[in-house]
Each structure stands twice: as structure tokens, then as C-alpha cells.
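Here the structure comes first, spelled out in C-alpha cells, and everything after it is commentary.
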Amino acid sequence: MEKIDRIKDCCFMENNHWFRYRTGAIIIEDGEVLFVTSKSFDYYYTVGGGVHVGEKAEEARI
């Protein structure tokens with residue numbers, strides 16, 4: 001079996017469209033919802049992360 005140095009997220013590009021399989025959480029506390037953003041993107045998104053190739057969706061953790 002070939003050694004894998006880095007686990008890769010499940011993602012691909014097709015016809016100039018980027019797809020990344022990810023998991024996320026909706027966190028609500030005191031009537032407020034948590035979203036995150038970054039300097040690189042002009043939108044907000046839920047906390048979470050990419051699902052690794054071969055990882056089951058039910059087992060993906062944030």
C-alpha cells in the first residue's frame with residue numbers, strides 16, 4: 001500500500017466550476033447565529049471544513 005503523506009480534501013474542478021465537499025455547523029446562542037468570513041472572500045459561511053477523500057460524511061468532524 002502506498003504511503004500518503006497528506007490527506008486530501010474531496011474537491012474537483014469541472015468546466016470552470018469549483019466543487020469542495022465540506023461539512024459545516026450552524027451554531028445558535030442567545031438568538032444569534034455564528035458565521036465566519038476571511039480577508040480572501042467577500043461572503044460569510046458556516047464554520048466547518050473539507051471532508052477528506054475516503055472519509056464517511058457521518059464521521060466528518062469540525
Side-chain angles (χ1 to χ4, degrees):
M1 181 177 203
E2 181 181 335
K3 180 183 173 191
I4 299 174
D5 294 329
R6 191 177 80 116
I7 298 174
K8 297 188 186 246
D9 287 348
C10 182
C11 55
F12 62 89
M13 185 120 182
E14 180 147 338
N15 298 324
N16 274 348
H17 297 284
W18 173 254
F19 174 82
R20 180 175 179 222
Y21 183 35
R22 65 183 306 274
T23 185
I26 298 174
I27 300 172
I28 303 171
E29 186 175 311
D30 296 327
E32 297 181 346
V33 181
L34 176 66
F35 288 96
V36 293
T37 189
S38 72
K39 294 177 182 178
S40 302
F41 303 107
D42 190 25
Y43 57 84
Y44 292 88
Y45 50 95
T46 59
V47 294
V51 176
H52 300 307
V53 172
E55 182 178 18
K56 293 181 181 179
E58 297 85 5
E59 296 172 351
R61 302 279 187 235
I62 55 172

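Throughout, numbering of the chain's residues begins at 1 and tracks the sequence.
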Worksheet entry | Considering all heavy atoms, the nearest R20-C11 contact | CA-CB, 3.8 Å

Rounded distance (nearest 0.5 Å) linking atom [atom1] of [X] with atom [atom2] of [Y]:
X	Y	atom1	atom2	answer
H52	Y21	NE2	OH	12.5 Å
E59	T23	CD	OG1	12.0 Å
M13	H17	CE	NE2	8.5 Å

Worksheet item: When you look at V51 and D9, which way does the side chain to side chain contact (heavy atoms under 4.5 Å, CB included) test go after all the steps?
Response: CA-CA 5 Å; V51 176; D9 287 348; over 6 Å; no

Practice prompt. Give the cluster check for V53 versus F12: same hydrophobic cluster or not, with ILVMFWY residues linked at side-chain heavy-atom distances below 4.5 Å.
Written response: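 Shared cluster, no.
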
Worksheet entry | Within one Ile-Leu-Val-Met-Phe-Trp-Tyr cluster: F35 and F41, side-chain cutoff 4.5 Å | no

Fill in: CA sep, side-chain torsions, deciding dist, call: V33, I26, side chain to side chain contact (heavy atoms under 4.5 Å, CB included)
CA-CA 7 Å; V33 181; I26 298 174; 4.3 Å; yes

Worksheet entry | Partner set under side-chain hydrogen bond (donor to acceptor under 3.5 Å, both in side chains) for R22, not counting sequence neighbours |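 R22 satisfies side-chain hydrogen bond (donor to acceptor under 3.5 Å, both in side chains) with no residue once adjacent residues are dropped.
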
Item to complete: Any side-chain hydrogen bond (donor to acceptor under 3.5 Å, both in side chains) involving residues 35-46? Give me the pairs, sequence neighbours left out, ordered by first then second residue.
Response: none

Practice prompt. Write out all pairs satisfying salt bridge (charged side-chain N to carboxylate O under 4.0 Å, His left out) with one or both partners inside residues 24-38, taking only residues at least two apart or from two chains.
Written response: none

